[in-house]
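Everything below concerns the one structure shown next.
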Amino acid sequence: MLDMKFIRENPELVETAISNKNEKSNLKKVLELDKKKRELQFKYDTMRAEQNIVSKQIPELKKAKKDTTKIVAKMKMISNKLKNISVELSNINEELETELLNIPNIPYKDVPIGGESENEFVREWGEKKQFNFNPAGHLELIKKNRLLDIKRATKLSGSGFVGYTGKGAQLERALINFMLDFHINKHDYEEVSLPILVNRQAMTGTGQLPKMEDDMYHVNEDDLFLVPTSEVSVTNLYAQEILPYEKLPRKFVSYSPCFRREAGSYGKETKGLQRVHQFNKVEIVRFVKPDTSYEVLEEMLNDAENILKALGLHYRVIRLATGDLSFASAKTYDIDVWAPGEEKYLEVSSVSNFEDFQARRASIRFRNESGKVEFVHTLNGSGLATPRTFIALIESYQNEDGSIDIPEVLQPYLNNKKIL
RNA sequence: GGAGAGGUGACCGAGCUGGUUGAAGGUGCGCGCCUGCUAAGCGUGUGUAGGGUUUAUAGCCUUACCGAGGGUUCGAAUCCCUCCCUCUCCGCCA
């Protein structure tokens, strides 16, 4: 959420951001409602002030044995008027809140303007692996090594759900443990393991709601949502809190399953493991002081890259253009890993700075050096999502006979075996 | 799921027979004083979010907030209703 005062004073900036992000927010309505709200609030406050004063006088008049029927009758009228105003006011507030929640974050100044085609190549690491045989795709490798049982998983939950089996299940678990340990030991993150069912408030806090409600799995009985990313649970850890100055910065790493309905995306990369409704992800999240957040963004990008470097997988880093930025993000880097069997890059990480957008929605604040209360900046990044990392891994480490080598860093997690 | 207790400021904890209580008292923290040092003591200050005024994120005025929402009343932390949450015991269960 943006600061109402900021919107009021910079409507052009906000309008530009909305159009650059291809959002359909109603800025005009926000400005109108804000104006109406303030007028009404002023009226209400003034009348309330009068009521408060007179209400204090009444007991004194009574004590002095003076007749209060007249004044009480007058106050009764004011009381009724106030009731009407407060109803109107809360309606306007509700409307304004709704509209405000639909205004996206403003892209950072160095974010390229435009759609997906304007995404910028930042850098790459390693190179496309060459084979002296024709490398197989991941589906073939999965079949040969029985790493997944996609058909039977579909029997359980429908298309878009996969099940890891045997060595595949072990390899995925090894990946998760490796990534967690790496971030904990090499990058000094604190591990948290949190609920994956969260309430509406949490989902609104990080910005998934209201816009993406159709994309979320929802448990009706309890009005709880399955998290699409552990960003939601981790970021909301400090919702409604004011952190003491010394408590910042904080850095967390969390593994969780993630759930996405992917409504309307059928047919797009749906084969196999590339786009699934449930997947596992290790996520890194930070709460930082505002003036450090862009420095930290680069740091987190490195943290995520280091995983791929350790795994020896070629990747490239992309700076997203405004049209490709998520609703809540001010700046995002994507990391795409090379999958030699598919002969394409797959997105395995998204690292974003939300500045104070999420903090304002979730009310995550801190006391700055001079004791004043300020919103923190929140950032998060995948570090990494397992399915596509899994694809790149088995495709990159395959041998001609279809067997798969285990990268050195994963060997300790797989009984020190060198081949899966 | 059943029975009971409870949700007040950074924390503990009064108030809950409705009326200077934004909230006693204590702890913590800030500032000042005192003390040879330490410990203690004394004084004083210490919430958040809006709105108005203003060059001002200074000051001043004002509103709201005692789990959330609604009701009664001239007036509610205090009375009534609904919901949420926490704790204890029982039941059920990994």
Side-chain angles (χ1 to χ4, degrees), chain A residues 1-10 30-101 193-205 219-225 233 236-248 257 289-291 355-356 359-376:
Chain A
M1 182 152 54
L2 297 177
D3 183 10
M4 190 57 234
K5 206 180 234 167
F6 177 85
I7 298 176
R8 203 182 294 147
E9 284 161 12
N10 305 280
V30 165
L31 292 169
E32 276 168 22
L33 286 169
D34 171 57
K35 195 169 168 232
K36 242 200 251 174
K37 176 199 158 162
R38 280 183 300 147
E39 283 167 6
L40 215 55
Q41 184 74 52
F42 183 74
K43 208 164 144 191
Y44 179 85
D45 285 355
T46 314
M47 281 175 83
R48 264 302 247 181
E50 187 190 346
Q51 187 186 47
N52 285 340
I53 291 167
V54 177
S55 291
K56 275 176 194 163
Q57 288 168 348
I58 288 175
E60 282 162 31
L61 290 172
K62 276 188 177 162
K63 235 184 242 166
K65 304 241 161 104
K66 291 199 177 144
D67 180 35
T68 55
T69 49
K70 234 177 174 173
I71 197 163
V72 166
K74 191 184 157 206
M75 284 300 104
K76 172 95 183 154
M77 273 172 62
I78 289 191
S79 174
N80 283 333
K81 260 190 215 164
L82 272 171
K83 221 164 268 175
N84 290 335
I85 293 178
S86 90
V87 168
E88 206 182 329
L89 196 56
S90 68
N91 285 340
I92 287 182
N93 272 329
E94 207 175 300
E95 251 186 288
L96 180 59
E97 179 78 4
T98 305
E99 294 300 330
L100 219 43
L101 285 175
S193 179
L194 303 172
I196 54 178
L197 276 169
V198 300
N199 59 30
R200 195 168 277 277
Q201 190 181 18
M203 290 289 274
T204 307
V219 181
N220 248 326
E221 285 261 293
D222 305 288
D223 196 24
L224 292 173
F225 295 84
S233 353
N236 280 288
L237 265 184
Y238 291 120
Q240 266 73 52
E241 290 193 38
I242 300 176
L243 301 167
Y245 184 75
E246 327 77 65
K247 237 186 160 179
L248 285 184
K289 290 164 193 159
D291 56 331
E355 299 185 356
D356 63 5
R360 185 170 274 110
R361 285 180 164 237
S363 198
I364 309 167
R365 293 155 295 167
F366 77 107
R367 216 168 275 284
N368 69 19
E369 234 166 345
S370 50
K372 275 195 69 82
V373 175
E374 260 188 84
F375 287 107
V376 304

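All chains are named by letter (A, B, ...) in the order of the sequence lines, taking the proteins before the strands, and each is independently numbered beginning at 1. These values consider heavy atoms only, across backbone and side chains, with no hydrogens, waters or symmetry-generated copies.
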Taking only side-chain nitrogens and oxygens of A/Lys372, does any of them come within less than 4.0 Å of OP1 or OP2 of B/A58? no

To the nearest Å, how far apart are A/Ile58 CD1 and B/A76 P? 11 Å

A side-chain contact here means heavy atoms from C-beta on lying under 4.5 Å apart; do A/Ser363 and A/Gln240 qualify? yes

Applying a 4.0 Å non-hydrogen cut-off, can you work out what A/Lys62 is touching in the nucleic acid: base, sugar-phosphate, or nothing? base

Base, sugar-phosphate alone, or nothing: which one does A/Glu60 contact when heavy atoms must sit under 4.0 Å apart? nothing

What contact category does A/Arg8 fall into here, base, sugar-phosphate, or nothing, at under 4.0 angstrom with non-hydrogen atoms? sugar-phosphate

OP1, OP2 of B/G75 versus side-chain N and O of A/Gln51: anything below 4.0 Å? yes

Can you tell me the distance, in whole Å, between the CZ atom of A/Arg48 and the P atom of B/C74? 13 Å

Nearest-angstrom distance from the residue atom OH of A/Tyr44 to P of B/A49: 20 Å

Over all strands shown, is A/Lys56 touching base, sugar-phosphate only, or nothing at heavy-atom distances under 4.0 angstrom? nothing

Send over the distance from A/Asn80 CG to B/G75 P, rounded to a whole Å. 9 Å

Nearest whole Å is fine: how far is B/C29 P from A/Arg367 CZ? 15 Å

A/Asn199 has an atom CG; how far is it from atom P of B/G67, in whole Å? 20 Å

Quick one: do the A/Glu97 and A/Asn93 side chains pair a donor with an acceptor below 3.5 Å? no

Ignoring backbone atoms, test whether A/Arg38 places a side-chain nitrogen or oxygen under 4.0 Å from the OP1 or OP2 oxygen of B/G52. yes

For a quick test of reading the model: is some side-chain N or O of A/Asn52 closer than 4.0 Å to OP1 or OP2 of B/A64? yes

Does B/G75 have OP1 or OP2 under 4.0 Å away from a side-chain N or O of A/Ser79? yes

Between the base of B/G50 and the side chain of A/Asp45, is there a donor-acceptor distance below 3.5 Å? yes

How far does the P atom of B/G30 sit from the matching atom of B/A40, given to the nearest Å? 14 Å

Pick the C1' atom in B/C87 and in B/C79, then give their distance to the nearest Å. 26 Å

Check this one for me: any side-chain N or O of A/Arg365 less than 4.0 Å away from OP1 or OP2 of B/U48? no

In whole angstroms, how far is the P atom of B/U62 from the NZ atom of A/Lys43? 21 Å

Check the distance between B/C83's P and A/Gln201's CD and give it to me in whole angstrom. 20 Å

Give the dot-bracket line for RNA chain B from 5' end to 3' end: parentheses for intra-strand Watson-Crick or G-U pairs under 3.5 Å, square brackets for crossings, | for inter-strand pairing, dots for unpaired. ((((((((.[[[..)...(.....]]]((((((.......))))))(((((((.....))))))).[[[[[..)....]]]]])))))))....

Side chain to side chain donor-acceptor pair (under 3.5 Å) between A/Glu88 and A/Asn84, worked out: CA-CA 6 Å; A/Glu88 206 182 329; A/Asn84 290 335; over 6 Å; no

